[in-house]
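All figures in this text were calculated on a predicted structure; none of them were measured in a lab. We're numbering straight along the sequence, starting at 1. Each ligand, and each atom within it, is numbered from 1 in the order the structure gives.
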Amino acid sequence: MKRRRVIYEGKAKILYEGTEPGTVIQYFKDDATAGNGAKKDTIEGKGVLNNRISEYLMTQLAGIGVPTHFVRRLNMREQLIKEVEIIPLEVVVRNVAAGSMSKRLGIEEGTALPRSIIEYYYKNDALNDPWVSEEHITAFGWASPQDLDDMVNLTIRINDFLSGLFLGAGIKLVDFKLEFGRLWENDFMRIVLADEISPDNCRLWDVTTNEKLDKDRFRRDMGGVVEAYSEVARRLGIMPESIQGENKGPVLVK
Ligand code: TMP
């Protein structure tokens, strides 16, 4: 038997060589980290939920014409994705003040922003993913002006669509982080949505109570992380039945 090749291991995911040329297998771990790895834990069932939630959101986005790296889910913890060249940026969209924006600019958490705000962070663990501007991005060649233009246009569409989708599930999309990649098809390149969209990289609040249904429960030691992620999956109507097969994690109510 041949052992499959690990391409990359991150904090919450492992990338393995794919089954077909130009593909990669994305494995969702149960590991959670915060503060650039300063805080670590394992949250049983998280990987299964994120795999399913990300599959659902990427598929819905593909349905409105947003190009993504997602091909198909393979099993409870793995999905097949297209091999892309990751652009070293975290694109954060904010609809409501929270987290680092509230801290940095002294705006009370929960304040609705006058309009959606896009921020960029340079993906570099050694530097703690610093906040950067479009000037840095184009001057240092992390993305071209055209790449950036494509990313912004996609980000605005994704935010509009996901805000509505979550609102329909009684959830406020406070903010979230996206990553993009370059997909090469023969001599042509296009920018596609990559990585994952899950409660690990979104702030999701109950629309009436503002209860947190995302990774802030872990970051802020609030407990109930898997329960919150399960609630998101349940409200989206996609609670994975297979999670029961793992004989761990949340108990499912159909
Ligand atoms: P922030 O308020 O800490 O800057 O986070 C903004 C959003 O981006 C929030 O939904 C969490 C997400 N995020 C990530 O997914 N990865 C990260 O490394 C950081 C800093 C934020």
Exercise for review: State whether a side-chain donor-acceptor pair under 3.5 Å links Arg94 with Ser100.
Suggested key: yes
Review point. Can Asn36 and Asp129 be counted as having a side-chain donor-acceptor contact under 3.5 angstrom?
Key: no
Check your understanding: Should we say atom CD of Glu185 is surrounded by more than 12 heavy atoms from elsewhere, each under 6.0 Å from it?
Key -> yes
Review point. Do Gln146 and Asp150 meet the criterion of a side-chain donor-acceptor pair at a distance under 3.5 Å?
Key: yes
Please tabulate protein-ligand N/O pairs under 3.5 Å for ligand 1, atom names and distances to 0.1 Å.
residue: ligand 1; atom: 2 (O); partner: Arg94; partner atom: NH1; Å: 3.1
residue: ligand 1; atom: 2 (O); partner: Arg94; partner atom: NH2; Å: 3.4
residue: ligand 1; atom: 2 (O); partner: Ser100; partner atom: N; Å: 2.8
residue: ligand 1; atom: 2 (O); partner: Ser100; partner atom: OG; Å: 3.4
residue: ligand 1; atom: 2 (O); partner: Arg203; partner atom: NH1; Å: 2.9
residue: ligand 1; atom: 4 (O); partner: Arg94; partner atom: NH2; Å: 2.8
residue: ligand 1; atom: 4 (O); partner: Ser100; partner atom: OG; Å: 2.6
residue: ligand 1; atom: 10 (O); partner: Asp175; partner atom: OD1; Å: 2.5
residue: ligand 1; atom: 10 (O); partner: Arg203; partner atom: N; Å: 3.4
residue: ligand 1; atom: 18 (O); partner: Glu90; partner atom: OE1; Å: 3.4

**Study point:** Face-on cation placement of Lys39 at Phe218 ring, 6.0 Å and 45° thresholds
**Key:** yes
**Study point:** Flag, side chain of Thr23 to backbone of Glu20, donor-acceptor distance under 3.5 Å
**Key:** yes
